[in-house]
Amino acid sequence: MVFDRRTFLRTGLVAGGGAAVLGSLESAAAATPGLVRARPALTHGVQSGDVTADGAVVWARADRPSRMLVDVCARPDFRGARTVRGPLLTPDTDLTGKTLLRHLPCGNEIHYRVRLADPDGRTESAPVTGRFRTPASPDAHSGRDVRFVWGGDLAGQGWGINPGFGGYKIFNAMAAADPDFFLCSGDWVYADGALTESVPLPDGTTWHNLVTAEKSKVAETLAEYRGQFRYNLMDGPLRAFNAQVPMIYQWDDHEVRNNWYPGQILDDARYTEKRVDVLASRARRAAFEYTPISILPPKDGKIYRKISHGPLLDVFVLDMRTYKDPNGPDNAPGAKAGTLGAEQTAWLKRELRRSTATWKVISNDLPLGLIVPDGANQEGVAQGDNGAPLGREGEFAGILSYARRHGVTNLVFVTADVHYTAAHHYDPAKAAFTDFDPFWEFVAGPLNAGTFGPNTLDGTFGPQLKFIKTGPRAGASPAEGAQFFGEVAIDGRSGVLTVRLRDLDGAVLYSVDLQPRR
């Protein structure tokens, strides 16, 4: 089904919750030009993100210019709630906005309710509710259990929202895990992945995509990049998930286009704008507008950041796109090449050393030890000769050796990107480069995209394959079941970190318990 702009707007209104009447009013207004709708409406549900012990970001989008108001309470009935006055939502941000909640109680379930008020204050929207849990204070003597899920790769390879399949139904299984947060590992939209209404499947059936104008071509303009995010928010399971589970957002390449890097000039007939830096600027703005990342605007905010989740966990979110060197053979000696850049690398070393959390989870949107080719060039960190660190490997060799010298323990890497799920144990006794302590890297995804893999492991850091599950063929649809997410659970008493790799329905495919080093 193709959605034009008016149909899409109506779908968004219904998605906002309690707004079907507004859709009817809009239809009446179209037939009777003099009729003005009585109330503003939330168009795409609510989201929260970057939750800390005492703060969080709440996101919403309006159908017209209006003031965002957020009621906050520790009770689901909102008795005694306080109201936080948010921004005026205007066309400048595509009617999106974020409100920063401060001074929240640590270790509590927080309920919030978003309302929109006309600028004159005379009418308000129906409210839409959400909730999240704040972690314990990072300096607490003991922590409660922590649980999060992660994954990436949404609406890729031509597989969009299929209502007959249940939409993005993996989010139902993710919600059933009752996580404290969702760590988005990137490729949250496929801005370079146009959709068609119907796709034949190998079993003779047909996959039916919802399609909007913005999803019918590659994204180039700001409006088209915004449309990529709006498209995903048409999905019912995702909207329900967003209202219950806060997000930590990270981007990867497909928010802009496949395998991009700064300074790239495209040789791709699909694009009229060939300068990737221009495309990336527009994509970045849309990502900041449509995700509950930091309250700061994109020109000031950084994607890389640390989110503390009590005494048990610090999450280090990397940005391996903004500062990436051009794709090439990736075999230069020295440490100038990389995906992080000097400033981010220094930040990561400093914050790892300062961290007092039991576990340090590093969210790397590009896998560390998997070879990810870009034609004849290398897209990822690994460069494929199984030898001493070269190219981008030198950057991570420096980070890993720094962590060892300064006693930084209990590192775990989580990633997506390659469209299958796997567990890798990195062992210096089996590596070409040995100046690091053993660690794990876990791969999950796709959430709703085509399957690929397996990729080859590079021996520089000694990765040992402990588990792998791929799809039946390259580009296979979600209908064939090979969609995956990861779950991390940390026991509040023992500090044991358990990783489970799960499938589309939530079944556990692999599980391992990691004992903390004290």
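Just so you know, these numbers come straight off a predicted model, no measurement behind them.
- Using a 4.0 Å cut-off between a side-chain N of Lys or Arg and a carboxylate O of Asp or Glu, E289 and R230 do not qualify as a salt bridge.
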Residue pair K324, E379: steps toward the salt bridge (Lys or Arg N to Asp or Glu O under 4.0 Å) verdict
CA-CA 10 Å; K324 191 173 188 274; E379 154 73 354; 3.2 Å; yes
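- Rounded to the nearest 0.5 Å, atoms CG (L312) and CG (L497) are 9.5 Å apart.
- Residue pairs satisfying the salt bridge (Lys or Arg N to Asp or Glu O under 4.0 Å) criterion with at least one member in residues 361-373, sequence neighbours excluded, are absent.
- Checked options F182, Y168, F229; the residue passing with W188 is F182 (criterion: ring-ring contact (aromatic ring centres under 6.0 Å, His included)).
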Which pairs of donor and acceptor atoms, one on a side chain in residues 368-377, lie under 3.5 Å apart (sequence neighbours left out)?
unit_1 : atom_1 : unit_2 : atom_2 : d
D374   : OD1    : N259   : ND2    : 3.1
D374   : OD2    : N327   : ND2    : 2.9

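- Between the side chains of Y249 and E255, at least one donor-acceptor pair of N or O atoms lies under 3.5 Å.
- Residue pairs meeting the ring-ring contact (aromatic ring centres under 6.0 Å, His included) criterion with at least one partner in residues 462-500, sequence neighbours excluded, are F467-Y510.
- Among F165, Y190, W207, the single residue meeting the ring-ring contact (aromatic ring centres under 6.0 Å, His included) criterion with W159 is W207.
- For residues 439-451, no residue pair satisfies the salt bridge (Lys or Arg N to Asp or Glu O under 4.0 Å) rule, not counting sequence neighbours.
- Applying the salt bridge (Lys or Arg N to Asp or Glu O under 4.0 Å) definition to pairs two or more places apart or across chains, those involving residues 176-187 are R131-D178, R133-D178, R133-D180, R144-D180.
- Shown here are the side-chain contact (heavy atoms from CB on, under 4.5 Å) partners of A280, two or more places apart in sequence or in another chain: V256, W260.
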